[in-house]
Amino acid sequence: MVEKILTVQNRAGIHARPAAIIAQTSNKFESEITLTRDDATVNAKSIMGVIAMGAGYNTQLVLNVEGPDETEAASVIEDLFNSKFEEE
């Protein structure tokens, strides 16, 4: 299992567009991918789950990826966060 701490760096936070990008990207991988905020864990392949986290600017999330392509999946999702979902 790969675990990473990710910080929401785009000012608007995780709204519909970034949530869709996270879910679409996650669905390209076989691995189980979850995001956790405080005590709430959601499936990163679910747009509604990702939006429901209500992750605003500077929120820290824990990314957990487990499966055959976990290393690549974690790296690609981390890159999305680092690029601010190409919003800025």
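Atoms considered below: every heavy atom in the structure, side chains included; atoms not considered: hydrogens, waters and symmetry mates.
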- [ ] Name all pairs fulfilling the ring pair (Phe, Tyr, Trp, His ring centres under 6.0 Å) condition that reach into residues 49-80, sequence neighbours left out, sorted by first residue then second.
- [x]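 For residues 49-80, and leaving out neighbouring residues, there are no ring pair (Phe, Tyr, Trp, His ring centres under 6.0 Å) pairs at all.
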Over all heavy atoms of both residues, which pair between [X] and [Y] is shortest? Give the atoms and the distance, please.
X: P68; Y: S31; value: N-OG, 3.6 Å
X: E3; Y: N64; value: OE1-OD1, 3.0 Å
X: G13; Y: P18; value: O-CG, 3.8 Å

Which pairs, with at least one residue in [range] and sequence neighbours excluded, count as a salt bridge (Lys or Arg N to Asp or Glu O under 4.0 Å)?
range: residues 53-77; value: none
range: residues 52-65; value: none
range: residues 40-57; value: none

Residues forming a salt bridge (charged side-chain N to carboxylate O under 4.0 Å, His left out) with [X], sequence neighbours excluded:
X: K28; value: none
X: E78; value: K4
X: E87; value: R17

Task: side chain to side chain contact (heavy atoms under 4.5 Å, CB included) involving A20 - partner list, sequence neighbours excluded - done: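 Here the qualifying residues are Q24, I47.
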Task: For N82, side chain to side chain donor-acceptor pair (under 3.5 Å) partners two or more places apart - done: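 Residues passing side chain to side chain donor-acceptor pair (under 3.5 Å) with N82: Q9.
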Task: All pairs passing side chain to side chain donor-acceptor pair (under 3.5 Å) where residues 33-44 contributes a residue, at least two apart - done: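 Matches after skipping sequence neighbours: T36-T41.
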- [ ] Under 4.5 Å between side-chain heavy atoms, chaining through other members, with only Ile, Leu, Val, Met, Phe, Trp and Tyr counted: pull out the rest of the cluster around L35, sorted by chain and number.
- [x]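 L6, V8, I14, I21, I22, F29, I33, V42, V50, M53, L61, L63, V65, V76, I77, L80, F81, F85, all in the cluster of L35.
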- [ ] Any chance you could pull the hydrophobic cluster mates of V62, using side-chain heavy atoms under 4.5 angstrom and chaining through other members?
- [x]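 I5, all in the cluster of V62.
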